[in-house]
Amino acid sequence: MNTDKNKSNKDIDDTTALERQRIYSNSTFFKKKNEEAIEFLKKHPIPKEFLKR
């Protein structure tokens with residue numbers, strides 16, 4: 001997987017934060033990682049005492 005370039009052939013350093021977010025959110029790798037994180041948090045929720053901080 002190459003995340004150094006996007007479809008407009010800009011260097012990743014020259015893209016804005018919103019453009020990078022779009023690239024990453026459309027990537028199958030990051031979609032899978034996000035789903036894994038959601039499943040992990042369902043099994044191991046964050047304690048409420050940490051959420052209050």
Side-chain angles (χ1 to χ4, degrees):
M1 181 178 85
N2 184 5
T3 57
D4 292 338
K5 302 256 183 202
N6 62 17
K7 292 178 184 175
S8 65
N9 294 327
K10 281 179 155 179
D11 281 339
I12 198 72
D13 297 330
D14 295 335
T15 58
T16 65
L18 185 59
E19 289 172 327
R20 280 189 300 245
Q21 181 183 5
R22 246 183 239 131
I23 293 167
Y24 295 143
S25 64
N26 290 332
S27 167
T28 55
F29 176 80
F30 288 106
K31 284 181 183 178
K32 181 181 175 195
K33 289 297 178 185
N34 188 34
E35 291 170 2
E36 290 173 359
I38 290 170
E39 290 300 317
F40 179 82
L41 287 173
K42 284 181 183 177
K43 292 178 185 175
H44 310 283
I46 299 172
K48 292 180 182 179
E49 60 201 30
F50 289 116
L51 294 175
K52 291 179 183 177
R53 293 182 189 178

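If you read the sequence from its start, that first residue is 1, and numbering goes on from there.
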Between Arg22 and Leu18, is a side chain to side chain contact (heavy atoms under 4.5 Å, CB included) present by the stated rule, with each step listed? CA-CA 6 Å; Arg22 246 183 239 131; Leu18 185 59; 3.3 Å; yes
So which heavy atom on Phe30 is nearest to which on Tyr24, and how close? CB-O, 3.2 Å
For the hydrophobic clusters of this structure (ILVMFWY residues joined by side-chain heavy atoms under 4.5 Å, transitively), does one cluster hold both Leu51 and Leu41?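 Per the 4.5 Å side-chain linkage, Leu51 and Leu41 are co-clustered.
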Surrounding CD1 of Ile46 (heavy atoms of other residues, nucleotides or ligands, distance under 6.0 Å), is the total greater than 12? no
Using the test ring-ring contact (aromatic ring centres under 6.0 Å, His included), find all partners of Phe40 that sit at least two apart in sequence or belong to another chain.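 Scan of Phe40 (ring-ring contact (aromatic ring centres under 6.0 Å, His included), adjacent residues dropped) gives His44.
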Thinking salt bridges, do Glu36 and Lys33 make one under a 4.0 Å N-O criterion?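 Salt bridge flag = yes for Lys33 with Glu36.
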Would Lys42 and Glu39 pass as an ion pair if we require N to O under 4.0 Å?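 A salt bridge links Lys42 with Glu39.
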Run the salt bridge (Lys or Arg N to Asp or Glu O under 4.0 Å) test against Lys48 and tell me which residues pass, sequence neighbours left out. none
Residue list, salt bridge (Lys or Arg N to Asp or Glu O under 4.0 Å) with Lys31, at least two apart or on another chain: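 For Lys31, no residue satisfies salt bridge (Lys or Arg N to Asp or Glu O under 4.0 Å) once neighbours in sequence are set aside.
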To the closest 0.5 Å, what do you measure between CD (Gln21) and OG1 (Thr15)? 11.5 Å
